[in-house]
Each structure stands twice: as C-alpha cells, then as structure tokens.
Amino acid sequence: MRLGLTMGMAFLALSMAGAIAQEPTFQSVLDGARKEGALVVRVTNPSSPEAHKALIDAFNKRFNLSLQIDWTPAGAPQTNVRVIAEASGGQGSVDLIGLGSAEDADTLRARDLLKPYPWEKVFGKELPQIGATVNAVMPDLRGYAFDLLDAVYGVGWNSQLVRDEDVPNTTAGLLDPKWKGKLALNAFFLNPLPTIAYIIGQDAMLDYARKLIDNRPILQRGSPVVMQALSVGQAPIGIITFHGAQRAIQQGQPVKFKFFSDYIMIYEGLIYVPENAPHPNAARLFMAWLATEGVMIAAKFEAMPRVADTDSDVAKLIREAQVKTSARIAAPPSLAEVANQQKLRDALTKLLTGAN
C-alpha cells in the first residue's frame, strides 16, 4: 500500500514537472521561431507590399531573426475554411489569420482550432504593451485573438457628385427618396448596419432594412468595393470605413467621410493563430509584436485605427462626435449576442435575395 502510494506520488511529481517544463517562455518561443525559420501570414491589413516589407524587416531586426515570411492579404472567412479542411486531414499551412470578426474567431474556437494562450506571461517583459492589447478584445475572446484594426463605419461621399451639406447625418436619412438607387451598401447582410440591432433590437433593424431595400441601394460585394464605387463615381454616397476613407484621401481620390450622428458602427478586426499552424512559435511571436510595436510601423503606410488606443486619431474623433451629437456606439458586445443575431442574418439574407 505504502509502495503504491509512493510510486503514485512520484508519478504525479514527474507529470507536474513535465507540465511545467512545457509551459512556454519568451526564450523558448524565440528559440522555436528561429528553428522554424518561416511564417505564413494571411492578414488583409496592412495591405500594401511596402508596409509588409517594412514590418518583416523590422520584426527580423528586432529579434535578430531571418524568417522567410510569406504575407498574402486574404479574407479570414476563406482562410478559416482552408484551415478547417486541412485540420481534418491532420495538416496545416497557415500561421496567422486576419482580419476576422468575432464570429470568424469563434468558428475556429468551436472546433478547438483556436485556444487561449498566456500572452502576457510569455511576452509581458519584452513587450510591455501586451497586457493592454489582450484586454482590448471582447471579453469572450481575450487570450484567443488580438484586435489589430477597428473597422469604424460612417457615411462616405464623392465630393465631385455630392455637396457636403446634402449628405445625410443619420442612418435614418439614408431612407430619403432622393437617395433611391444612389446609395452603395455591402451586400453581405448590409454590414455594418446589423450592429444597430444591438441597440434598437432585431425587429426594428429588420424593419429599417426593408425600407432601405425599397430605396434600391447599389449592393456591392464587400465594404472595400463600396469604397471603390464611391471613388470612381459609380455611387455618390455609401457606408464606408474610416481607414478606407483615409487611404482614399491619401491617394487623392475625391472621397469625404463623417460619422453618423445617431450610431457609430464598429467591428473589431481580429488576428489569431490556429492550432494547426505549421510555425506556431514564429506565429505567436509575430502576432504579439505586430499588435504592439508593429502596428505603429504599419500606421506609417496606412491608417490602422484602434478605438481602444485612446490617443489614436479615430478615438479622438469618436469622442468629439459623441460630445457634439450623442451618437451611440453600435458593436458586438459578446459571442452570445453575435450568435443571437443569426435569426436576423437569415432574415436579411432572404430579404436581399428577394431584392435581387
């Protein structure tokens, strides 16, 4: 009896020692990244080759590495499909995914392809900003993903086609018959408008959507295409992102932007490392660096707005807008609320299909 107890305690001690030895540290991650030697990134923003090169060079220099980094902008939903298919066969070819929504991240989490990681414990000393980065994400996804860029939406217009004073100030103003057949919108659930349902309820949002569809909007395949429609004059006004508008303005396109005075719609643009990543150490080191020090380098090439960064331009503009207009923030508050919107998404799909 005593011998068995002693052997059991010894086995438990060895198991605990093994578990402790396997806990990641900054040095073990760095050493692992160096051995892996490569990284496959499928993140949409920053999008320019110049920004990618600057980030890759700075990252390798920062940690004295020479990783070969393959960075191709690709949408998170499509990349998720690939990751799930590969995982079913015991494979993996993507290290870092983004920018994804909370729903995109949860798609992998539900399949155990996305798990929490002790980011602050591993990287806190080397990257002191990591704690704030972890906490900037929706509580349900803390430890799973980082918010790299917030898609903050408002109304955009082509200044060669529309006078500033004629642009509607509220989402309700989009229902005015004078915008019939002139408003560009995302055909994918009319995003970001469904976020308003978190404030006014799904029934009220669906009623609003019906009226909006009756006004015959110009439906486009994604918000970037809405942005393009404004730039080339295909549509005089549309709902676009702050960062998309900033990029267009920097390129000299005739685009202007402002927040609505009733709702400011926000989606977190998340990055995350799937469990079947072929280079997990390199992926986590790069993800931690990109979301802290790296984002400041990326911002030199294109707008990288993050609302949680209180000193950022977009955060200041939102505060100013709320003081002037009392605009309410419309954003997904939790994964449960996102799931509850499935009924609304189904109804919007039927509505949009019927409209087409």
Side-chain angles (χ1 to χ4, degrees), residues 20-36 39 41 43 45-46 51-67 69 71 95-100 102 105 114-152 243 266 268-274 277 279-319 331:
I20 293 172
Q22 292 175 4
E23 287 186 357
T25 64
F26 174 76
Q27 192 60 49
S28 70
V29 171
L30 181 61
D31 291 342
R34 185 169 286 112
K35 291 178 182 178
E36 291 163 357
L39 181 64
V41 178
V43 174
N45 294 82
H52 294 170
K53 184 180 186 306
L55 287 163
I56 291 169
D57 290 346
F59 172 73
N60 277 326
K61 182 178 180 180
R62 171 70 166 83
F63 298 107
N64 192 27
L65 295 169
S66 55
L67 298 188
I69 302 180
W71 190 331
D95 291 309
L96 186 59
I97 303 172
L99 300 172
L114 184 62
K115 296 182 180 180
Y117 188 80
W119 298 100
E120 192 168 5
K121 184 176 181 181
V122 175
F123 298 106
K125 184 175 181 181
E126 194 71 26
L127 299 168
Q129 312 99 310
I130 199 74
T133 302
V134 169
N135 292 325
V137 179
M138 175 193 299
D140 293 339
L141 291 174
R142 286 175 186 167
Y144 291 88
F146 289 158
D147 180 13
L148 184 65
L149 178 152
D150 287 321
V152 185
H243 67 275
I266 302 174
E268 292 178 336
L270 304 175
I271 54 174
Y272 44 91
V273 176
H279 313 102
N281 291 290
R284 291 190 173 104
L285 178 61
F286 186 73
M287 176 170 156
W289 175 83
L290 178 61
T292 53
E293 296 177 356
V295 72
M296 293 182 285
I297 296 173
K300 296 177 182 178
F301 295 86
E302 55 192 84
M304 298 291 291
R306 293 200 292 184
V307 177
D309 180 0
T310 56
D311 293 326
S312 67
D313 289 342
V314 72
K316 293 176 182 177
L317 289 172
I318 288 174
R319 287 198 298 269

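- Judged by distance alone, the side chain of Asp147 and the main-chain N or O of Glu268 form no donor-acceptor pair under 3.5 Å.
- In terms of heavy atoms, Val314 sits closest to Pro305 at CG1-CB, 3.5 Å.
- His52 places a side-chain N or O within donor-acceptor distance of the main-chain N or O of Pro46, the cut-off being under 3.5 Å.
- Within the 4.5 Å cutoff, no side-chain heavy atoms of Phe146 are placed close to those of Leu270.
- For residues 301-314, every residue pair satisfying the salt bridge (Lys or Arg N to Asp or Glu O under 4.0 Å) rule, not counting sequence neighbours, is listed here: Arg247-Glu302.
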Practice task
Would you check, one step at a time, whether the test side-chain contact (heavy atoms from CB on, under 4.5 Å) holds for Leu317 with Val152?
Solution key: CA-CA 11 Å; Leu317 289 172; Val152 185; over 6 Å; no

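- Using a distance-only test at 3.5 Å, with no hydrogens or angles considered, no donor-acceptor pair links the side chain of Arg284 to the main chain of Ala33.
- Of all heavy-atom pairs between Leu149 and Met304, the closest is CD1-SD, 3.7 Å.
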Atom pairs and distances, side-chain donor-acceptor, residues 114-129, under 3.5 Å, sequence neighbours left out:
{"from": "Trp119", "atom 1": "NE1", "to": "Gly143", "atom 2": "O", "distance (Å)": "3.0"}
{"from": "Lys121", "atom 1": "NZ", "to": "Glu23", "atom 2": "OE1", "distance (Å)": "3.3"}
{"from": "Glu126", "atom 1": "OE2", "to": "Arg62", "atom 2": "NH1", "distance (Å)": "2.9"}

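- Between the side chain of Asp150 and the backbone N or O of Val307 there is at least one donor-acceptor pair closer than 3.5 Å.
- Between Gly294 and Leu55 the shortest heavy-atom distance is O-CD2, 3.2 Å.
- The line from CG of Leu290 to CD1 of Ile56 is 10.5 Å long, rounded to the nearest 0.5 Å.
- The shortest side-chain heavy-atom distance between Phe59 and Leu67 falls under the 4.5 Å cut-off.
- Listed here is the closest heavy atom pair of Asn60 and Ser66: OD1-N, 3.7 Å.
- Heavy atoms only, all atoms of each residue included: Thr292 and Val295 are closest at O-CG1, 3.4 Å.
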Exercise for the section: Decide yes or no on salt bridge (Lys or Arg N to Asp or Glu O under 4.0 Å) for Asp57 and Lys61, but give the supporting numbers first. Expected result: CA-CA 6 Å; Asp57 290 346; Lys61 182 178 180 180; over 6 Å; no

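- Between Arg142 and Val134 the shortest heavy-atom distance is CG-O, 3.3 Å.
- In this structure the side chain of Ile97 never reaches within 4.5 angstrom of the side chain of Ile271, judged on heavy atoms.
- No side-chain heavy atom of Val29 sits less than 4.5 Å from a side-chain heavy atom of Phe63.
- For the atom pair CG of Asp95 and CE of Met287, the computed distance is 12.0 Å after rounding to the nearest 0.5 Å.
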